[in-house]
Amino acid sequence: MPVKRRYRSPLRDRQALATRRAIVAAALARFVADGYVQTSVDSIAAAAGVSRATVFATFGGKAALLKAAYDAAFGEGDDRTPLIQRPESQAVLAQRNPRAYLTAYVALIAGMFARVAPIHEVVRSAAASDPDVAPVWDDIGRERLDGCRRIVKHLIERNGLRSGLDPRAAADVTWILNDPGVYSRLVGDRGWSAGAYRSWLTAALEMQLL
């Protein structure tokens with residue numbers, strides 16, 4: 001007996017994607033403006049032009065929506081393309097000189113941090129008081145550490161990692177230095193320019209890793 005295949009409507013898929021994007025954009029704006037606790041699902045639904053039920057059906061809960069908003073700030077949205085696979089990251093990987101590689105890497109992430117740092121701080125603050133958000137914060141930390149381990153791996157491949165430096169320690173140091181919270185402190189709180197931040201982070205990574 002032939003198996004009936006479920007029909008997929010391209011129009012319906014496009015509509016669902018548009019709805020998801022609208023919800024995530026509204027959530028990102030509201031979380032950054034009002035904080036996690038003060039932002040209600042109802043306010044996000046209203047800003048996105050959808051019902052409360054649609055928000056829950058799409059994301060399953062407020063904490064999951066917070067993670068989706070964080071990912072969207074990094075540009076990791078509906079296509080689910082990891083940062084490492086995107087063209088701008090491939091341009092960084094094309095740099096074979098270790099110093100040129102680090103310079104390009106810092107330019108890439110510093111450009112993103114202007115969007116990422118505010119929502120990153122929202123997650124950090126919410127995780128301290130909301131048990132539903134704590135796993136989101138832990139996931140973000142693990143994802144960042146995985147990325148830092150890749151950076152160290154790339155430096156080893158380019159014969160750039162300082163002799164005698166433990167790769168695990170190198171990843172940990174990178175994880176601390178490229179924390180979006182540091183960007184918030186220096187650029188947001190202390191008034192550094194984006195260029196000054198890029199110069200500092202590049203020099204700090206070079207001194208610690210190369």
Side-chain angles (χ1 to χ4, degrees), residues 20 23-25 27-28 31-32 35-37 39 58-90 92-93 101-102 104-158 160-162 165-188 197-198 201-202 204-205 208-210:
R20 180 183 177 88
I23 294 171
V24 171
L28 178 58
F31 285 141
V32 169
Y36 181 77
V37 174
T39 298
T58 304
F59 291 96
K62 189 176 172 183
L65 184 52
L66 180 63
K67 181 58 164 64
Y70 177 86
D71 290 344
F74 257 115
E76 296 194 2
D78 306 298
D79 61 0
R80 304 301 186 198
T81 303
L83 176 60
I84 191 66
Q85 296 178 12
R86 284 186 248 158
E88 55 268 38
S89 297
Q90 293 300 305
V92 175
L93 290 173
Y101 169 81
L102 278 182
Y105 164 71
V106 170
L108 174 62
I109 64 166
M112 293 179 177
F113 280 179
R115 304 187 306 272
V116 171
I119 189 67
H120 183 270
E121 294 308 285
V122 170
V123 182
R124 186 199 301 272
S125 176
S129 58
D130 191 320
D132 290 335
V133 180
V136 174
W137 180 247
D138 290 342
D139 286 345
I140 288 172
R142 282 192 293 269
E143 289 169 1
R144 288 189 55 246
L145 185 56
D146 286 343
C148 293
R149 287 168 175 157
R150 284 195 295 270
I151 298 304
V152 172
K153 176 176 177 289
H154 296 158
L155 290 176
I156 292 172
E157 291 171 349
R158 290 159 176 75
L161 193 67
R162 191 172 73 239
L165 179 58
D166 181 353
R168 291 174 299 179
D172 290 344
V173 168
T174 305
W175 187 76
I176 290 294
L177 289 175
N178 75 357
D179 189 325
V182 176
Y183 178 95
S184 292
R185 300 288 81 76
L186 294 177
V187 177
Y197 171 80
R198 287 195 303 271
L201 182 56
T202 302
L205 289 173
Q208 292 294 324
L209 301 179
L210 301 187

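Small disclaimer: the values here were computed from a predicted structure and weren't measured. No hydrogens, no waters, no symmetry mates; every other heavy atom, side chains included, goes into these values.
Ring geometry, Tyr70 versus Phe74: the interplanar angle exceeds 60°, so the pair is classed perpendicular (tilted spans 30 to 60°).
Without hydrogens or angle criteria, Lys62 side chain to Thr39 main chain gives a donor-acceptor distance under 3.5 Å. Side-chain atoms of Arg198 do not come within 3.5 Å of backbone N or O of Val106 as any donor-acceptor pair. A donor-acceptor pair under 3.5 Å links the side-chain atoms of Trp175 to the main chain of Gly141, judged by distance alone. Here the side chain of Arg115 pairs a donor or acceptor atom with the backbone of Ala73 at under 3.5 angstrom. A donor-acceptor contact shorter than 3.5 Å is absent between the side chain of Arg144 and the backbone of Ile140.
Between Arg185 and Glu121 a salt bridge is recorded (basic side-chain N to carboxylate O distance below 4.0 Å).
Pro180 and Ala117 get closest at one heavy-atom pair: O-CB, 3.7 Å.
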Checklist entry - What's the verdict on side-chain contact (heavy atoms from CB on, under 4.5 Å) for Val187 and Phe113, showing C-alpha distance, side-chain angles and the deciding distance? => result CA-CA 10 Å; Val187 177; Phe113 280 179; over 6 Å; no

Checklist entry - What do the steps show when you test Arg124 against Asp179 for side-chain contact (heavy atoms from CB on, under 4.5 Å), and what is the final call? => result CA-CA 11 Å; Arg124 186 199 301 272; Asp179 189 325; 3.3 Å; yes

Item to check | Test log, rule side-chain contact (heavy atoms from CB on, under 4.5 Å), inputs Arg142 and Trp137 | outcome: CA-CA 9 Å; Arg142 282 192 293 269; Trp137 180 247; over 6 Å; no

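Screening Leu177, Asp172, Asn178 for a side-chain contact (heavy atoms from CB on, under 4.5 Å) with Cys148, the sole residue that qualifies is Asn178.
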